[in-house]
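If you scroll down you'll find the structure; I have some questions about it.
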Amino acid sequence: MSENALPKGYDPKAVEPHWRDHWETTRAFTPDPTEALENPKGTFSIVIPPPNVTGNLHIGHAFNLTLQDILCRHARQLGKTVLWIPGEDHAGIATQNVVERRLGTEGKTRHDLGREAFIERVWEWKEEYGENIRRQIKAMGSSVDWTRERFTMDEGLSRAVRKVFVTLFNEGLIYKGDYIINWCNRCHTALADDEVEHHPQAGHLWKIRYPLADGSGHLTIATTRPETMLGDTAVAVNPDDERYTHLIGKTVILPLVGKEIPVIADKYVDREFGTGALKVTPSHDHNDWELGRKHKLEFIQVIDAEGRMNAKAGKYQGLTKEEAREKIVEDLRAAGALESVEEYGHNVGHCYRCQSVIEPHVSTQWFVKVAPLAARAKEAMRGETQIFPTSWLKTYDHWMDTIRDWCISRQLWWGHRIPAWTCDACGKLFASEETPSCCPQCGKTSLTQDPDVLDTWFSAALWPFSTMGWPEKTKELEAFYPTSVLVTAFDILFFWVARMMMMGLHFMDRVPFRHVYIHALVRDGEGKKMSKSTGNVIDPLEMIEKYGTDSLRFTMTAFAAMGRDIRLSEERIEGYRHFVNKIWNAARFALLNLPNEEAHNLYLRLAAAPETLEGVQYRWILHRLEETKSALKTAIADYRFNDAALTLYTFIWNEICDWYLELIKPALQAGGEEQAKARAVLWLVLREAMLLLHPIMPFVTAEIWKALPQAPIREGGIPDIAREPFPAERPACLNPQAVADMEMLQAAITAIRTMRAELNIAPSLRLKAVIRPQDDAARELLTANSSLIVFLARLGECVIDPEAHAPKASASSVAAGNEIILPLEGAVNFQDELTRLDKELAKMAKEHAMLAGKLANENYVQRAPAEIVERDKARVAELEDARVKLLALQQRFREAL
RNA sequence: GGGCAGUUAGCUCAGUUGGUAGAGCACCGCCUUCACACGGCGGGGGUCACAGGUUCAAGUCCUGUACUGCCCACCA
């Protein structure tokens, strides 16, 4: 029997690497698209949300990967051809920043290297750290197809990017122009609106007097950014504001500058805020920009791209904007133009990558005209694509409704260079997929390529089809597009999901995914979002090292209720490591009892027709196995991952381990037919439990499976659970009567255990128990299984006797209608037993009173569904019966005292 | 300013169509029972934030309040 033996303790560190290598070398997760097209069960595909190539896997990635892996492994079990494409994102700003920082430690800037050398440096970095992220994805057990790994800047994807850019440009959906954009002085690039994070910041509200040009007094404005006043070209008031109506059309003198600027009227101005008069700086504020265009004001830029005051700032030229602010306030005060200063907290935009304050800045940028794309993308989310949980639909709609044109140019070096050229001769601006040799308009060969690169999300938006070989017409696209589901956290719903939707529809004419599953965001201990830039990441590798991958995965699956955020606690991972250990030990015990020799294969023959096996314990566990199977299937289909985990946890621990294994121990020792039956069901339940658990815990189940008798040899010469189908359903094994019978046995056993524990009877004391059954059916059941009761309640003897009377000195209870009597003969303090009985009666009386109250209510009896009422009535009868029996027993006991 | 979540056992969180509550950890008692002390058996602990409403019946549906958090937003 030793050939099946598992080692005494489960050691994830020894087991996991083996399986990772095995699955990769045997190409267990590499599908054949031709076969996929012929598979009657269909295909299932996911593209990984590509982690940043520079990054470290944080716990959010681990969570995200776990859920995707469960879906993929489960889909494989269901017979589908599964493709899960892995890959990494080049992460323009983030990666460039990291490499620049590293250069900084050498005392260099990227300009010292020059564009080409710098990009080379980034590629080196990418090669070094891309391997890191790849190792981490593997560590999680992710069943991705490494032969199809992609990178957003690899040759194929770059071609897709150029094709998309040129197409959109020629369709007029990409344009170039001077606009006010969000400018990061530190990263030295434009940012899209949604790359700006607003954080509250303490500041001041300065009130400044602008004297009227006609000398008739002054107008006081309020501002949080006095340094921008040098670029003011108007003061705006609300046309309905009586305080100022007489000033509209007049001019005021801009202090310190001495320039005359008009007072204009616009409903945009809030009368309640500040003084009700707004200084307008079209070049340095988004709203003022709009006002400036509307009222055709002059645009004067006074702050440059470095965040310093420029020549237009006169004497303040060369100061940083912070220094300028201080100096200007000082000068205003000296000039008597400063009316007041108050403390003022307000929201300030910060760069989502480096957290520097964002400066609104006018510059030439590239934009995608999103309105035509967004309309279709919005509709699709309530049609061809479904989002889970549906509550996100509203948020998605709102975003699609308010979306503005997308600024896609970045003044970086790391990224997809914009494939647009200007002819030095005739000035023609054109886009081209390949580097052009001459101007398409004038034919001259002196061309200049746009220096900017594309927003990282531009290439990410193409991910679902670019990874499958687009623009070639590949079999992958045919078989696996649209993908089945996109699994992601809500924080990139807009950055990424919406844009994939727009691009997928525009270029493939089909949605990129059928489902979008938005999972919770994993937060740190304080409930803050974990992110690389904040530095509050938890390293999943550390958890894997300490507790094993399966523990981590199971914990996160159990956490995965559809909510908004979860906080991961290490204690809980440790708790579920106990579960892994429990499974291991249960399997170890089972395998010690499941010989593989032909001579012992009677149990395998019995297992082929389990529905024919007699015995309440077998029928019960087989019934529960079927229920667990279907519950699990439904839970995963509905993305109720936590339900899936909990279902398995309860079934394996509380039913297989706590009851089934204990129930069959005597039979396993017995030999003969009984032993064969116990083994047959044990084998069946164990193997199917492993299959059910495998998508959540791939490693421990693979290792156990390998040792299981009759496990088929697969690619690589060993059994491989990852290639096995979902266990077949066995409706003939559904047996509600077995559940009822089992409950009666459990009730009897638990009642005896409770009495023993509460009366402090030594466990070593082999008591005799007498059971007086409530009816013939109970008598038969209990008699047939009395040896089980003896074993599990640690008795010496168990007598089933319909005529039994409690001896004078005894403890007693009523369980499922059967009277249970433990003759004690001085083994216990009688007073203890009386107290215990009183407690039991009180508990029953409480429940009885509650139910009786309900049943006394005529409305309830009439209106509630009959089965509910019947159930309550039955319970009341049961309680009354038990009470009578207990009182009689108690009375007898009193007499004995 | 708008929108969306959450408020359930000491802590962290589950609870699918309404039928008076569960898990992990922690806690108490007993147990070295031949898979497992990362264990077994037994036990204690919750007026499900608050106030109304619908209903025979509400943690579960509706309204409002309070607190916490998140997202969006141009109040300088």
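Atoms considered below: every heavy atom in the structure, side chains included; atoms not considered: hydrogens, waters and symmetry mates. In what follows, chains are A, B, ... by sequence order, proteins preceding strands, each numbered from 1. Computed from a predicted structure; not experimentally measured.
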Inset, instruction - Check the side chains of A:Asn182 and A:His286 for a donor-acceptor pair under 3.5 angstrom, ignoring hydrogens and angles. - result: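 Result is yes, a qualifying pair exists.
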
Inset, instruction - Could you tell me whether A:Leu661 contacts a base, only the sugar-phosphate backbone, or nothing, with contacts defined as non-hydrogen atoms closer than 4.0 Å? - result: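 Contact class for A:Leu661: base.
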
Legend entry - Pairwise side-chain contact, A:Ile664 with A:Leu682, heavy-atom cut-off 4.5 Å (strictly under):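 The answer is yes, as the side chains (C-beta and beyond) meet within the 4.5 Å cut-off.
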
Inset, instruction - Using atom NZ of A:Lys279 as one end and atom P of B:C75 as the other, report the distance to the nearest whole Å. - result: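 From A:Lys279 NZ to B:C75 P: 16 Å.
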
Legend entry - Distance, rounded to the nearest Å, where A:Phe641 contributes CZ and B:C13 contributes C1':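 It is 18 Å, rounded to the nearest whole Å.
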
Inset, instruction - Select base, sugar-phosphate, or nothing to describe what A:Arg756 touches, counting heavy atoms under 4.0 Å on all strands. - result: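 It contacts nothing in the nucleic acid.
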
Legend entry - Lys/Arg N to Asp/Glu carboxylate O, A:Glu359 vs A:Arg225, below 4.0 Å: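 Yes, charged N to carboxylate O under 4.0 Å.
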
Inset, instruction - Report the C-alpha distance between A:Asp270 and A:Asn238 in whole Å, list the side-chain angles of each, state the deciding distance to 0.1 Å, and finish with yes or no for side chain to side chain contact (heavy atoms under 4.5 Å, CB included). - result: CA-CA 7 Å; A:Asp270 182 350; A:Asn238 191 299; over 6 Å; no

Inset, instruction - Pick the C1' atom in B:U68 and in B:G29, then give their distance to the nearest Å. - result: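 After rounding to an integer number of Å, I get 39 Å for this pair.
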
Legend entry - Nearest-angstrom distance from the residue atom CD1 of A:Ile518 to P of B:C4: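 Atom-to-atom, A:Ile518 to B:C4, this comes out as 17 Å.
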
Legend entry - Basic-acidic side-chain contact under 4.0 Å: A:Asp240, A:Lys267: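 Looking at A:Lys267 together with A:Asp240, the answer is yes, because their closest N to O distance falls below 4.0 Å.
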
Legend entry - Inter-nucleotide P distance (B:G45, B:G10), Å rounded: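 After rounding to an integer number of Å, I get 11 Å for this pair.
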
Inset, instruction - Take the protein atom NZ of A:Lys546 and the nucleotide atom C1' of B:C38, then report the distance between them rounded to whole Å. - result: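 Rounding to the nearest Å, NZ of A:Lys546 and C1' of B:C38 are 15 Å apart.
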
Inset, instruction - Kindly say whether, by distance alone, the side chain of A:Lys665 makes a donor-acceptor pair under 3.5 Å with the base of B:A35? - result: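 Pair found.
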
Inset, instruction - Could you tell me whether the phosphate oxygens of B:C25, OP1 or OP2, come under 4.0 Å of any side-chain nitrogen or oxygen in A:His578? - result: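 Yes, within the criterion.
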
Legend entry - Check: A:Thr228/A:Lys279 side-chain N/O donor and acceptor closer than 3.5 Å: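 Looking only at side-chain atoms, A:Lys279 and A:Thr228 do form a donor-acceptor pair, the distance falling under 3.5 Å.
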
Inset, instruction - Examine the side chains of A:Asp232 and A:Tyr210 and answer whether a donor and an acceptor come within less than 3.5 Å of each other. - result: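 A:Tyr210 and A:Asp232 do have a side-chain donor-acceptor pair below 3.5 Å.
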
Legend entry - Nearest listed nucleotide, side chain of A:Arg588, among B:C74, B:G29, B:C36: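 Looking only at heavy atoms from C-beta outward on A:Arg588, the closest nucleotide is B:C36.
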
Inset, instruction - Specify the residue among A:Leu278 and A:Gly575 whose closest nucleotide of RNA chain B lies further upstream toward the 5′ end. - result: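 The residue closer to the strand's 5' end, by nearest nucleotide, is A:Gly575.
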
Inset, instruction - Considering only atom C1', compute the distance from B:C4 to B:C48 and round it to an integer number of Å. - result: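 To the nearest whole Å, 22 Å.
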
Legend entry - Residue A:Glu662, side-chain heavy atoms: nucleotide from B:G39, B:G19, B:C36 that is nearest: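 Looking only at heavy atoms from C-beta outward on A:Glu662, the closest nucleotide is B:C36.
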
Inset, instruction - Between B:G64 and B:C28, how far apart are the C1' atoms? Round to whole Å, please. - result: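 Between the two C1' atoms, the distance is 43 Å.
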
Legend entry - Closest listed nucleotide, where the reference is the side chain of A:Arg753 and the choices are B:C41, B:G29, B:C38: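 That would be B:C41.
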
Inset, instruction - Could you identify which residues of residues 646-659 of chain A place a heavy atom less than 4.0 Å from some atom of RNA chain B, listed by residue number, or say none? - result: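 A:Tyr649, A:Trp653, A:Cys657, A:Asp658 - these, ordered by number, are the residues of the stretch whose heavy atoms sit under 4.0 Å from the strand.
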
Legend entry - Span that lies between the P atom of B:A49 and that of B:U8, in whole angstrom: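 Looking at atom P only, B:U8 and B:A49 are 6 Å apart.
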
Legend entry - Exercise: identify the closest heavy-atom pair between A:Leu332 and A:Pro255: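 For A:Leu332 and A:Pro255, the tightest heavy-atom pair comes out as CD2-CB, 3.8 Å.
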
Check the interface with nucleotides 43-48 of chain B: list each N/O to N/O pair with the protein under 3.5 Å, or write none.
none

Inset, instruction - Select one nucleotide: of B:C13, B:C75, B:C38, the one nearest the side-chain heavy atoms of A:Asp270. - result: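 Per side-chain heavy atoms of A:Asp270, the pick is B:C75.
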
Inset, instruction - Using a 4.0 Å heavy-atom cut-off across all strands, classify A:Val269 as base, sugar-phosphate, or nothing. - result: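 Base contact.
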
Legend entry - hbond_proxy A:Tyr268 side chain to B:C75 base (donor-acceptor, 3.5 Å cutoff):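 Answer no: no donor N or O sits under 3.5 Å from an acceptor.
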
Inset, instruction - Report yes or no: is the cationic atom of A:Lys665 (NZ for Lys, CZ for Arg) closer than 6.0 Å to the six-membered ring centre of A:Phe589, at no more than 45° off its axis? - result: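 Pair A:Lys665/A:Phe589 counts as cation-pi.
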
Legend entry - NZ or CZ of A:Arg404 within 45° of A:Trp289 ring axis and under 6.0 Å: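 Checked: cation-pi criterion not met.
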
Inset, instruction - Measure the distance from CD on A:Gln862 to P on B:G19 and round it to the nearest whole Å. - result: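 Going from CD in A:Gln862 over to P in B:G19 covers 22 Å.
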
Inset, instruction - Using whole Å, report how far CG of A:Asn585 lies from P of B:A37. - result: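 Distance, rounded to whole Å: 7 Å.
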
Legend entry - Any N/O donor-acceptor pair, A:Lys582 side-chain to B:C36 base, under 3.5 Å: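 Per atom types, the contact qualifies.
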
Legend entry - Closest to the A:Met850 side chain, choosing from B:U20, B:G15, B:A76: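 Between B:U20, B:G15, B:A76, the one nearest the side chain of A:Met850 would be B:U20.
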
Legend entry - Test side-chain hydrogen bond (donor to acceptor under 3.5 Å, both in side chains) applied to A:Asn654 and A:Tyr649, step by step: CA-CA 8 Å; A:Asn654 301 125; A:Tyr649 184 91; over 6 Å; no

Inset, instruction - Pick the C1' atom in B:U7 and in B:U54, then give their distance to the nearest Å. - result: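 Between the two C1' atoms, the distance is 23 Å.
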
Legend entry - Position toward the 5' end of RNA chain B (nearest nucleotide), A:Asn859 or A:Glu574: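 The 5'-side residue here is A:Glu574.
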
Legend entry - Residues A:Asp550 and A:Tyr576: side-chain donor-acceptor under 3.5 angstrom: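 A:Asp550 vs A:Tyr576: no donor-acceptor pair found between side chains.
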
Inset, instruction - Take atom P in B:C25 and the same atom in B:C61, then report the distance between them in whole Å. - result: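 Pairwise P distance, B:C25 against B:C61, rounds to 30 Å.
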
Inset, instruction - Report the secondary structure of RNA chain B in dot-bracket form, marking unpaired bases with a dot and bases paired to a different strand with |, and treating Watson-Crick or G-U pairs with both distances under 3.5 Å as paired. - result: (((((((..((((.....[..)))).(((((.......))))).....(((((..]....))))))))))))....

Legend entry - A:Ala757 side chain, from C-beta outward: closest of B:G42, B:C36, B:C31: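 Ranking B:G42, B:C36, B:C31 by closest atom to the A:Ala757 side chain puts B:G42 first.
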
Inset, instruction - May I ask you to check if A:Arg588 and A:Trp584 form a cation-pi contact, with NZ or CZ under 6.0 angstrom from the six-membered ring centre and within 45° of the axis? - result: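 Because its charged atom misses either the 6.0 Å distance or the 45° angle limit, A:Arg588 does not stack over A:Trp584.
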
Inset, instruction - With P as the reference atom in both, quote the distance from B:G39 to B:G15 in angstrom, rounded to an integer. - result: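 Those two atoms are separated by 26 Å.
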
Legend entry - Rounded distance in Å - OH (A:Tyr576) to P (B:C13):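 After rounding, the reported distance stands at 13 Å.
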
Inset, instruction - Looking only at side-chain atoms of A:Lys394, point me to the closest of B:A76, B:C4, B:U12. - result: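 From the listed options, B:C4 comes nearest.
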
Legend entry - Modelled atom types, side-chain donor and acceptor of A:Glu655 and A:Thr650, under 3.5 Å: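 Judged by distance alone, the side chains do not pair up.
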
Legend entry - Side chain of A:Asn642 (C-beta onward), nearest among B:A14, B:G19, B:C38: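 So the nucleotide nearest the side chain must be B:A14.
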
Inset, instruction - Check the distance between B:C28's C1' and A:Asn760's CG and give it to me in whole angstrom. - result: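 Rounding to the nearest Å, CG of A:Asn760 and C1' of B:C28 are 12 Å apart.
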
Inset, instruction - Determine whether the aromatic ring centres of A:Tyr639 and A:Tyr517 lie less than 6.0 Å apart. - result: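 They qualify: ring centres under 6.0 Å apart.
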
